[in-house]
Amino acid sequence: MNDDIDQVLIGRDDLDRRVTEVARQIAGDIGVAASGVGAAEITIVPILTGSIIFVSDLIRKLPLPMQIHLVSVSAYPGRSTRSRGARIRSQLTSLPEDLADAHVLVVDDILDTGGTLGIVRDLVLRSRPRSLRTCVLLRKRRPAAMAFPVDYVCFDIPDVFVVGCGLDYNGYYRNLPDIVTLRQEVTAGADA
Ligand code: XMP
């Protein structure tokens, strides 16, 4: 697996440092939003599968009472390195119909076209949350991503295909602890 890596874009120590910073910011913002109207409680909505590593790191740095509701969306099926358009897998949505008391934080691994985050944001809004925030580990420096409204971004990266820390190619590499690019030979058959 390590032989397939071309470049390490973001190392594990930098990831950890930045996630700690963003968690502090989120905890502070939710605390302010909740002041005077009950507990600073938060409902986390991780977008599967790519956000699993990021969200597990992030929530352990958030000292707030929380619930977690999972949503599954697919945008890069199988051997693709370009978005095929996000689709929601509604049978894997555990969102309650009513989120009226909840400060919701939708968490995704990477913002590319904005299709995925847009779908989930609209889905959550239907449950009328008290507030809605969005958070991504990575945002690609491309016009669609930079123009898409998002509350918390850990890192802006070049517009390249990356894996690791939850991000995959054809289902593999999610367990790499750094954000990396793959050697060209590895993705040679992609998008054919
Ligand atoms: P959109 O276009 O909906 O894309 O903003 C977000 C989803 O697409 C996947 N994605 C990637 N997956 N390496 C990956 O492994 C990438 O460089 C990449 N760019 C987008 C990802 O599932 C994300 O949730």
Side-chain angles (χ1 to χ4, degrees), residues 15 18-77 83-140 142-157 165-168 174:
L15 286 162
R18 180 66 183 139
V19 173
T20 303
E21 259 175 36
V22 170
R24 268 200 210 113
Q25 206 183 335
I26 293 169
D29 291 350
I30 298 289
V32 169
S35 61
V37 284
E41 192 173 312
I42 188 168
T43 296
I44 307 285
V45 178
I47 303 179
L48 297 177
T49 304
S51 75
I52 55 169
I53 309 284
F54 172 43
V55 83
S56 64
D57 287 343
L58 182 73
I59 63 176
R60 284 177 294 163
K61 295 173 191 287
L62 281 175
L64 298 172
M66 69 173 60
Q67 293 197 9
I68 301 176
H69 293 289
L70 307 171
V71 172
S72 181
V73 176
S74 165
Y76 276 49
S83 178
R84 301 283 168 91
R87 277 181 296 115
I88 197 144
R89 293 182 181 155
S90 53
Q91 73 274 22
L92 290 181
T93 297
S94 70
L95 275 182
E97 277 180 19
D98 188 356
L99 282 168
D101 288 330
H103 293 286
V104 174
L105 181 71
V106 175
V107 181
D108 203 5
D109 51 0
I110 189 165
L111 181 59
D112 185 346
T113 64
T116 304
L117 209 51
I119 284 177
V120 176
R121 186 193 53 197
D122 293 350
L123 185 79
V124 171
L125 283 174
R126 275 193 246 147
S127 301
R128 298 176 302 280
R130 188 181 292 267
S131 72
L132 171 61
R133 292 173 175 76
T134 49
C135 176
V136 293
L137 177 62
L138 308 173
R139 174 172 61 184
K140 288 191 179 174
R142 63 190 307 232
M146 300 307 287
F148 193 89
V150 57
D151 297 291
Y152 307 99
V153 176
C154 293
F155 295 93
D156 283 316
I157 61 164
C165 225
L167 291 130
D168 76 302
R174 293 193 197 276

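For reference, positions follow the sequence shown, starting with 1.
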Novice: What's the spacing between T20 OG1 and R60 CZ if we round to 0.5 Å?
Specialist: 10.5 Å
Novice: Quick check for you: to the nearest 0.5 Å, what is the distance between R139 atom CZ and D108 atom CG?
Specialist: 13.5 Å
Novice: May I ask you to test the T134-L111 pair for a side-chain heavy-atom distance under 4.5 Å?
Specialist: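 No; the side chains remain at least 4.5 Å from each other.
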Novice: The criterion is salt bridge (charged side-chain N to carboxylate O under 4.0 Å, His left out); which residues satisfy it with R128, sequence neighbours excluded?
Specialist: none
Novice: Would you compute the distance between atom CZ of R130 and atom OG1 of T43 and round it to the nearest 0.5 angstrom?
Specialist: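 Here the interatomic distance stands at 11.0 Å.
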Novice: For V104 versus V45, what's the shortest heavy-atom pair and its separation?
Specialist: CG1-CG2, 3.7 Å
Novice: Between CD1 of I53 and CG of L137, what distance do you get to the nearest 0.5 Å?
Specialist: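 With rounding to 0.5 Å, CD1 (I53) is 10.5 Å from CG (L137).
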Novice: At their closest point, which heavy atom of S51 faces which heavy atom of P46, and how far apart are they?
Specialist: OG-CB, 3.5 Å
Novice: Has R24 got a side-chain atom pairing as donor or acceptor with K61's backbone, closer than 3.5 angstrom?
Specialist: no
Novice: I need the minimum non-hydrogen distance between V22 and C154, along with the two atoms involved.
Specialist: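 For V22 versus C154, the nearest heavy atoms are CG2-SG, 3.8 Å.
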Novice: Whether the side chain of D151 engages the backbone of C135 through a donor-acceptor N/O pair (distance < 3.5 Å, no angle test) should be reported.
Specialist: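 Such a contact is absent between D151 side chain and C135 backbone.
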Novice: Would you say the side chain of Y152 lies within less than 4.5 Å of the side chain of V107, judging by non-hydrogen atoms?
Specialist: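 They are not in contact (no side-chain heavy atoms under 4.5 Å apart), so the answer is no.
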Novice: Just so I know, are the side chains of T49 and D168 near enough to count as touching, which here means a heavy-atom distance under 4.5 Å?
Specialist: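 T49 vs D168: side chains apart.
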Novice: Set out, in order, the CA-CA distance, both residues' side-chain angles and the distance that settles side-chain contact (heavy atoms from CB on, under 4.5 Å) for L15 and F155, then state yes or no.
Specialist: CA-CA 9 Å; L15 286 162; F155 295 93; 3.8 Å; yes
Novice: How long is the span from the CD1 atom in I42 to the OG atom in S131, to the nearest 0.5 Å?
Specialist: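 Going from CD1 on I42 over to OG on S131, the span is 8.0 Å.
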Novice: With side-chain contact (heavy atoms from CB on, under 4.5 Å) as the test, would you mind laying out the steps for R133 and I26 before giving the verdict?
Specialist: CA-CA 9 Å; R133 292 173 175 76; I26 293 169; 5.6 Å; no
Novice: Under a 4.5 Å cut-off applied to non-hydrogen side-chain atoms, are D156 and M146 in contact?
Specialist: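 The answer is yes, as the side chains (C-beta and beyond) meet within the 4.5 Å cut-off.
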Novice: Can you give me the closest heavy-atom contact between A100 and D98, atom names plus distance?
Specialist: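 Shortest heavy-atom separation between A100 and D98 comes out as N-OD1, 2.9 Å.
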Novice: When you look at I30 and L105, which way does the side-chain contact (heavy atoms from CB on, under 4.5 Å) test go after all the steps?
Specialist: CA-CA 10 Å; I30 298 289; L105 181 71; 5.8 Å; no
Novice: Taking all atoms of both residues into account, what is the closest heavy-atom pair of V19 and F54, and its distance?
Specialist: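 V19 and F54 have their closest heavy atoms at CG2-CE1, 3.9 Å.
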Novice: Is any side-chain heavy atom of R121 less than 4.5 Å from a side-chain heavy atom of L132?
Specialist: yes
Novice: Please round to the nearest 0.5 Å and tell me the distance separating atom CD1 of I157 and atom CG of L138.
Specialist: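 Between I157 CD1 and L138 CG, I get 5.0 Å after rounding to 0.5 Å.
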Novice: Taking the side chain as every heavy atom from C-beta outward, state whether V71 and V73 have any atom pair closer than 4.5 Å.
Specialist: yes
